[in-house]
K.L.:
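One structure, pasted below without further comment.
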Amino acid sequence: MDFFSSLPKKENGRKMERTLSIVKPDGVRKNIVGEVVKRFEKSGLRVSAVKMVSLTRKEAEGFYAVHRARPFFGSLTEFMSSGPVVVMVLTGDGAIKKVRDLMGATDPGKADPGTIRRDFADSIESNIVHGSDAPETAAFEIGYFFNALEIVN
Ligand code: AMP
């Protein structure tokens, strides 16, 4: 299923995109789900789908399968299954880059001031938020959590 096929190519002459974001277990524990969503919405993105889920270890491993060979795969999937997460589809002009700019660098110590990770994250692994890094990744990640009927906006 191509989750981009239902998207108008352009809205007011701009290229619309969808991306997947996750408020990770540390973001939920810190009670900043609303703060993260507020930053996305203030940047002009629309929430097109949202739900809270508790990932099993296997589900976290499936989501991060591209990182299977990385040394941090075990601790990352343990962390991602350590508590509930909020997964959402965001839609807007250049949504993928916009979300990544708002998140900041993976390592909060290297993230720009004013970014979500710089403001809230404790470490390179517990870094509050995830955002798809490319259209192909976004298509896989959106499909991992949502079916077409659940993406409404
Ligand atoms: P990415 O797909 O690049 O966002 O990486 C997935 C996630 O893996 C990151 O958001 C971090 O939570 C984690 N991660 C990336 N690099 C490291 C690292 N060197 N050590 C521990 N965790 C990492």
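Order of appearance sets the numbers: ligands from 1, and atoms from 1 within every ligand.
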K.L.:
Show which atoms of ligand 1 fall inside a sub-4.0 Å distance from at least one heavy-atom site of N127.
P.N.:
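So the answer, numbered in order with elements, is 9 (C), 10 (O), 11 (C), 12 (O).
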K.L.:
Classify the angle between the aromatic ring planes of F63 and H130 as parallel (below 30°), tilted (30 to 60°) or perpendicular (above 60°).
P.N.:
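The rings of F63 and H130 stand perpendicular, inter-plane angle above 60°.
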K.L.:
In the protein, what heavy atom is nearest to atom 21 (C) of ligand 1, and what distance, to one decimal place, separates them?
P.N.:
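Nearest neighbour among protein heavy atoms for atom 21 (C) of ligand 1, to 0.1 Å: F72 CB, 3.5 Å.
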K.L.:
For ligand 1, does F79 get within less than 4.0 Å through its side chain, its backbone, both, or neither, judged by non-hydrogen atoms?
P.N.:
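Neither part.
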K.L.:
Distance only, no hydrogens: is a donor on one side chain within 3.5 Å (strictly under) of an acceptor on the other, for T91 and E17?
P.N.:
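Side chains of T91 and E17: no pair found under 3.5 Å.
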K.L.:
Is H67 in contact with ligand 1, taking contact as a heavy-atom separation below 4.0 Å?
P.N.:
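In this structure, H67 qualifies as a contact of ligand 1 - some heavy atom is under 4.0 Å.
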K.L.:
Considering K24, E125, H130, E141 one by one, which has a heavy atom nearer to atom 10 (O) of ligand 1 than any of the others?
P.N.:
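Result: the heavy atom closest to atom 10 (O) of ligand 1 is in K24.
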K.L.:
From D93 CG over to L45 CG, what is the distance, rounded to the nearest 0.5 angstrom?
P.N.:
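Result: 9.0 Å between the selected atoms.
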K.L.:
With distance as the sole criterion, is a donor-acceptor pair present between the side chains of R29 and S82 under 3.5 Å?
P.N.:
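Yes, a side-chain donor-acceptor pair sits under 3.5 Å.
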K.L.:
Would you say K110 has more than 12 foreign heavy atoms packed within less than 6.0 Å of its NZ?
P.N.:
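12 or below, so no.
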K.L.:
Using a strict cut-off of 4.0 Å, indicate which atoms of ligand 1 neighbour a heavy atom of Y64.
P.N.:
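Per the distance check, 6 (C).
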K.L.:
For atom 20 (N) of ligand 1, which of the options I124, T137, I22, V129 provides the nearest non-hydrogen atom?
P.N.:
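Minimum heavy-atom distance to atom 20 (N) of ligand 1 goes to I124.
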K.L.:
Are any of the heavy atoms in R117 under 4.0 Å away from ligand 1?
P.N.:
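R117: in contact with ligand 1 (<4.0 Å).
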K.L.:
What is the closest protein heavy atom to atom 13 (C) of ligand 1, and at what distance does it sit?
P.N.:
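For atom 13 (C) of ligand 1, the nearest protein heavy atom comes out as L76 CD1, 3.8 Å.
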K.L.:
Answer yes or no: does atom CG of N31 have more than 12 heavy-atom neighbours from other residues, nucleotides or ligands under 6.0 Å?
P.N.:
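Counting other residues, nucleotides and ligands, CG of N31 stays at 12 neighbours or fewer.
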K.L.:
Testing the 3.5 Å rule here: is there a donor-acceptor pair between the side chains of S81 and R57?
P.N.:
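Side-chain D/A pair, S81 to R57: absent.
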